[in-house]
Structures are given as structure tokens and as C-alpha cells.
2 protein chains.
Amino acid sequence: MNQIEALERLINQFTKLPAVGKKTAQRYAYFLLTMNEADVQEFATSILEAKQKVHYCKICANFTDKEICDICAKPNKDKIICVVKEPKDVLAMEKVKDFSGSFHVLHGVINPLENKGPNDINLRSLLSRVKDEQIAEVIVATNPDVEGEATAIYIANLLKPLGVKVTRLAQGVSMGSELEYTDAVTLSRAINSRREM
Amino acid sequence: MNQIEALERLINQFTKLPAVGKKTAQRYAYFLLTMNEADVQEFATSILEAKQKVHYCKICANFTDKEICDICAKPNKDKIICVVKEPKDVLAMEKVKDFSGSFHVLHGVINPLENKGPNDINLRSLLSRVKDEQIAEVIVATNPDVEGEATAIYIANLLKPLGVKVTRLAQGVSMGSELEYTDAVTLSRAINSRREM
């Protein structure tokens, strides 16, 4: 095809986004070219502004545009910290009405295959937070996969000597799912954690 | 949730892209924030540069960074113009080895429901091109949907008085498809255009 350099560069940039392949990137780039000048300017500006203004909260390492994020700024009445892998996990947990504690974002999990050890994730400050904020319970809400489980176990071993209660999200069948299509590991955990009615 | 204005603005910008909902936009925005400063700068710059450098070819209205695009700059030996709805259709047609003519991009189709008449698409210059370039055949390759068909008929009526041959892409069953799942209109067109073996 006839190469238009600036267009190819833009397409390449879009392929960097998660789950965006060449075809989708092309679609985005072509669409941007049909937008008017002012809108494209606004698009580019909002990218730069977000990167410039948004940084990690000094306490929980979630995204914020202040020094301390809104959640950490509120008093943590229940003295509970929910530990998550990524900022987007905070979004998910925030929707849960039964939880009103604060968060701690690891920005990754322990993953030997990717050479990621405990020192490569935001763990150290969790220890001092538990002490300083007199935390009663730490809920480890890393994903229920191999790396998430390993990280959870590591965190539990690390925190237990401090006398804090460490819990993990319950595992079982999810709402609206069908037993027929549920994997054996999930079913076995659901059986083992069955509760009386 | 705790609103971070700059982040919300960025998410809103991403939702403008085709087929990008709130959730995907969020994913893109969060990903951008994890990229390093220089990469984000490059991303924003490539958006602005593409918009600034890429414009419509003076002849065929396809995207180009020159005054006249590479395809129009080549001699059109076969004297054939392929008329398409959008620049991305040119990408698709360019892959066809049996075609080596030039293109004409309408940037839309006639669509009364959206108040789009013949004057709202890039049609007028097609007439002068057919005359000036002594075109022998115009292939109308608008999409095989209601608006595309209507536009094709309009173009055919417009061009025939000039004595140029106007053709339409053949319609029929597509390669690798299954008859069982092919719609009746397509099958009926495939039957009517059947060819001897």
C-alpha cells in the first residue's frame, strides 16, 4: 500500500493500547483523521494532561490528582485495608457497598517467570501502614490466579507477625453462572467453603 | 467513585473512538497512565502530527501527506476509477491484485434518513475526472447495503450520459462461507449471476 508515514506512526501508537491489533488501530487512526482540528487537539491535550496531573497517591499508590487520594483522605473507620493488584481493581471494589475501608495498590504481583519479586511491587509501605494506621484487617484481593494466590500467601506470612487479621476474598461459583460450565477448581473451592443455610 | 477530573476527561475522549465503550476507554486511559512520560508525549504528538500532515488528495480525496496521493500520481493505464465510500475501503481494494486503476473516495453515501444528499458527498469532482482523465470504466464499490445500492444507482445515472461504462462489484456467496448461513438476498443474487463452468 502507499505509505503515509504520519498515519503509520499513529497506527503504531494505537497498537500499544491493550488488546488493540493492527486492524483496530487502523480504524481508530482513520477515525481521528475525520475528526475536526479542535477535537483532535482536545484529544491530544487530554492525554498529556492526564499523564501530567495524575500520579500515585502517597499512601495507597492508587491514581489521584492530589497528594493524597480521596479515599485515603477519609477516616478509615473500620481499620480495614484492601490490597489489590492494579488501580482498576480499586474501581471494581469501590462498587461493593459492604466495603468502606481503604486500599493499597501493589502495581503488580510476585511473578518469578517475569522476574518480579516482592521488592518489585509496592509492598514495603503496606507494612508501615498496617503499623501506623493501627489496621485491624487486611483483605488480600489479588486475582484468584497462580501469581495472585502466591502473592496473597506471601503477604499473609509477612503481616501475620504484626498481629493483624489477614483475609482473602471468598472463592466459589459466581452469581448467574452455570454449574455445567464452572471449572473443577472453582467447584472444589465452593464445596470446601460451603455454608449452612 | 472518587473523581479524578483529568482522568475522566481522557476516558471521555477515548469513548469517541469507534466501538469504544466506557469500560474499554477506562482500560485505555489506565494503560496510558502506566506508560512513561516520553511514550505518552510521543503518543500525543503522533495524533497531532497525523492530523496536521494527513489531508485529502486533491484528485481522489483519499488520505495523503502530499498534494496528490501516490496512487493518483501513477499513470492510470487501464483508465478505470473505483468509487468507494471511505478511505479505509481503499485499503481493502488495494489488496486486490486484479485491480490497478485509481480511486475516488465519496466520504459518505446518499442517505435521506441522515439528510445526506448527492451534494453532501464528494461526487461533483468525479464527473470532471471522468471527462478530463478520459476514463473508460467506473466501478462503483460502495457497500452492498441499502444506502450503498442507492448511491450506486445515482452515480450510474449520472455518469452514463458521458458514455463511460459503469459497473458494480459482483454480488454472491463469499469465499469460505456456508450456504446454510447465507441470507436469501445474497443467494438470490448469486443464482441470478451464476456462470457457466
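Proteins get letters first, then strands, A, B, ... in listed order; numbering begins at 1 in each.
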Are any non-hydrogen side-chain atoms of [X] and [Y] less than 4.5 angstrom apart?
{"X": "Phe43(A)", "Y": "Leu17(B)", "result": "yes"}
{"X": "Arg27(B)", "Y": "Lys88(A)", "result": "yes"}
{"X": "Phe14(A)", "Y": "Tyr28(B)", "result": "no"}

Shared hydrophobic cluster, [X] / [Y] (ILVMFWY, side-chain heavy atoms < 4.5 Å):
{"X": "Val83(B)", "Y": "Val130(B)", "answer": "yes"}
{"X": "Ile110(A)", "Y": "Leu127(A)", "answer": "yes"}
{"X": "Ile81(A)", "Y": "Leu106(A)", "answer": "yes"}
{"X": "Val40(B)", "Y": "Leu7(B)", "answer": "no"}
{"X": "Val105(B)", "Y": "Val96(B)", "answer": "yes"}

Output the option from Ala29(A), Pro18(A), Pro87(A), Ala6(A) having the highest count of non-hydrogen pairs under 4.5 Å with chain B.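 Highest number of heavy-atom pairs under 4.5 Å: Pro18(A).
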
Please determine, among Glu42(B), Lys53(B), Glu37(B), the option with the most heavy-atom pairs under 4.5 Å with chain A.
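Between Glu42(B), Lys53(B), Glu37(B), the count favours Glu42(B).
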
(request) Check each atom of Phe31(A) against the heavy atoms of chain B and say whether the ones under 4.5 Å are side chain, backbone, both or neither. (result)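 Looking at Phe31(A), just its side chain touches chain B.
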
Point to revise | Contacting moiety of Lys23(A), where chain B heavy atoms sit under 4.5 Å | key: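 Side chain only.
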
Might you point out which heavy atoms bring Ala44(A) and Ile47(B) nearest each other, and give the distance in Å?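 Where Ala44(A) meets Ile47(B) most closely, the heavy atoms are CB-CG2, 4.4 Å.
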
Looking at [atom1] of [X] and [atom2] of [Y], how far apart are the two atoms once the value is rounded to the nearest 0.5 Å?
{"X": "Ile4(A)", "Y": "Asn62(B)", "atom1": "CD1", "atom2": "CG", "answer": "6.5 Å"}
{"X": "Gln13(A)", "Y": "Met35(B)", "atom1": "CD", "atom2": "CE", "answer": "6.0 Å"}
{"X": "Lys51(B)", "Y": "Leu10(A)", "atom1": "NZ", "atom2": "CG", "answer": "11.5 Å"}
{"X": "Lys16(B)", "Y": "Leu32(A)", "atom1": "NZ", "atom2": "CG", "answer": "9.5 Å"}

Greater than 12 external heavy atoms within 6.0 Å of [X]'s [atom1]:
{"X": "Glu67(B)", "atom1": "CD", "answer": "no"}
{"X": "Lys66(A)", "atom1": "NZ", "answer": "yes"}
{"X": "Glu133(B)", "atom1": "CD", "answer": "yes"}

Worked verdict on Glu49(B) versus Arg9(A) for side-chain contact (heavy atoms from CB on, under 4.5 Å)
CA-CA 9 Å; Glu49(B) 263 193 17; Arg9(A) 267 202 301 274; 2.8 Å; yes

- Give the C-alpha distance, both sets of side-chain angles, the deciding distance and a yes or no for side-chain contact (heavy atoms from CB on, under 4.5 Å) between Leu91(A) and Tyr30(B). CA-CA 11 Å; Leu91(A) 282 184; Tyr30(B) 271 67; 3.5 Å; yes

